[in-house]
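Written below as structure tokens is the structure these notes are about.
Just so it is clear: chains get the letters A, B, ... in the order the sequence lines come, proteins before strands, and each one is counted from 1. These numbers were taken from a predicted model, which means no experiment stands behind them. Quick note: numbers below take in every heavy atom, side chains included, and nothing from hydrogens, waters or symmetry partners.
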Protein chains: 2
Amino acid sequence: MVKRTSFEGDGCPVARALEAIGDWWSLLIIREALLGVRRFGEFQSKLGMAKNILSVRLRSMVDHGILAMAPASDGSAYQEYVLTPKGRGLFPILVALRQWSEEFDDHPEQIATILVDRAKGRPVKKLEMHAEDGRLLAQGDTMLKPRPAPRRRSA
Amino acid sequence: MVKRTSFEGDGCPVARALEAIGDWWSLLIIREALLGVRRFGEFQSKLGMAKNILSVRLRSMVDHGILAMAPASDGSAYQEYVLTPKGRGLFPILVALRQWSEEFDDHPEQIATILVDRAKGRPVKKLEMHAEDGRLLAQGDTMLKPRPAPRRRSA
DNA sequence: CTAAATGGTTTTATGATGCAACCACACAAG
DNA sequence: CTTGTGTGGTTGCATCATAAAACCATTTAG
């Protein structure tokens, strides 16, 4: 098999996430969906992508439980693609990608939009990672541990 | 041209980030690099990926300023791939991907590792987004604004 | 009823990926 | 110096994914 290697059985949660949304288009589709896009044609025209690819990606994300097909919202008999909670949970990933570009892009003047606090219109701060007790953590303050064995009901 | 569409000129910072690290392997290479992997062979054996693909990806990330080639760290005359600050800046993206899997994966029992606070050994909290004044923000509390025009020196 | 827009699928061409084989260089032993 | 081995790649196919365009069914507009 020369198939694209799948990470489905991999124990790394990063790989498992990439298995679902690690392709070239999925996160951009999610970006549009978070902005309120729901219709096939609207995704296609805003992203400028081929319709067959869009079709495959939408179906894949529906299979992964990221999007769901809803019968309609206006009167029309067409269907819509709406984000599930799992899909909306991708928002921090998009924010992290955005902030990385804002901080490190070689041509920041080409970045067209900024994410702001709706109430004040001011840019949001960088994502922060905290410990249970509230301490701010950097990468060096963390480590990976094997997942504790699933607790089995003791007879 | 049937080339894979490039997002290089796109104004969306998410698309610009994906242009650099949006392929199938790059983020996994970064994951290993953050864990201390530096040598070609070590990447190749840990990730189980084809050497030609690894070669292309490493070169691409060097070109993007995410990795740099360093002459050696032990005595050998070989080279090493080390993360630049731009590369280390990808850490929040990996954390976001990991936390998304932890929260939404359909088979969480297959997830092998958890990210913990090194000091206490306790799991880290979810990434948080805050406003300038410190308020915790959810997706609905934010919006996109066009980037302000670059301020030009007034004569 | 007819026409056009919507929401796709099919067809075909090409780029990307995966695997295996091959090769160049470093380094160590004899 | 010569041989041998490990590292760090490159090259050559075979296959898969992607892109563009054509095609089609259904829905909506007129």
Could you state the atom-to-atom distance from [atom1] of [X] to [atom2] of [N] in whole Å?
X	N	atom1	atom2	result
B:M69	D:dG8	CE	C1'	10 Å
B:D23	D:dT18	CG	P	12 Å
B:R57	C:dG18	CZ	C1'	12 Å
A:Q79	D:dT27	CD	C1'	13 Å
B:M49	C:dC19	CE	P	10 Å
A:K46	C:dT6	NZ	P	14 Å
B:L54	D:dG8	CG	C1'	10 Å
B:Q44	C:dA20	CD	C1'	12 Å

*If every non-hydrogen atom of A:L47 is compared with every non-hydrogen atom of A:R31, which pair is closest and at what distance?*
CD2-NH2, 3.5 Å

Does [N] have its OP1 or OP2 closer than 4.0 Å to a side-chain nitrogen or oxygen of [X]?
X	N	answer
B:S76	C:dA26	no
B:R59	D:dT10	yes
A:W25	D:dA17	no
B:S55	D:dT10	yes

Which listed nucleotide ([options]) is nearest to the side chain of [X]?
X	options	value
A:R39	D:dT10, D:dA19, C:dG7	C:dG7
B:K51	D:dT18, C:dG8, D:dG9	D:dG9
A:A50	C:dG8, D:dA19, C:dG18	D:dA19

_Run the side-chain hydrogen bond (donor to acceptor under 3.5 Å, both in side chains) test against A:Q110 and tell me which residues pass, sequence neighbours left out._
B:R16

*Check every strand shown and say whether A:Y81 touches a base, only sugar-phosphate, or nothing at a heavy-atom separation below 4.0 Å.*
sugar-phosphate

*Base, sugar-phosphate, or nothing: which does B:A77 touch, judged by heavy atoms less than 4.0 Å apart?*
sugar-phosphate

*Nearest 0.5 Å please: distance from the CD atom of A:Q44 over to the CG atom of A:L58.*
11.0 Å

*Are the aromatic ring centres of B:W25 and A:F7 under 6.0 angstrom apart?*
yes

*Relative to the 5' end of DNA chain D, which residue comes earlier, B:Y78 or B:N52, by the nucleotide with the nearest heavy atom?*
B:Y78

*Can B:K86 and A:W100 be said to form a side-chain contact (heavy atoms from CB on, under 4.5 Å), step by step?*
CA-CA 8 Å; B:K86 183 173 181 176; A:W100 182 73; 3.7 Å; yes

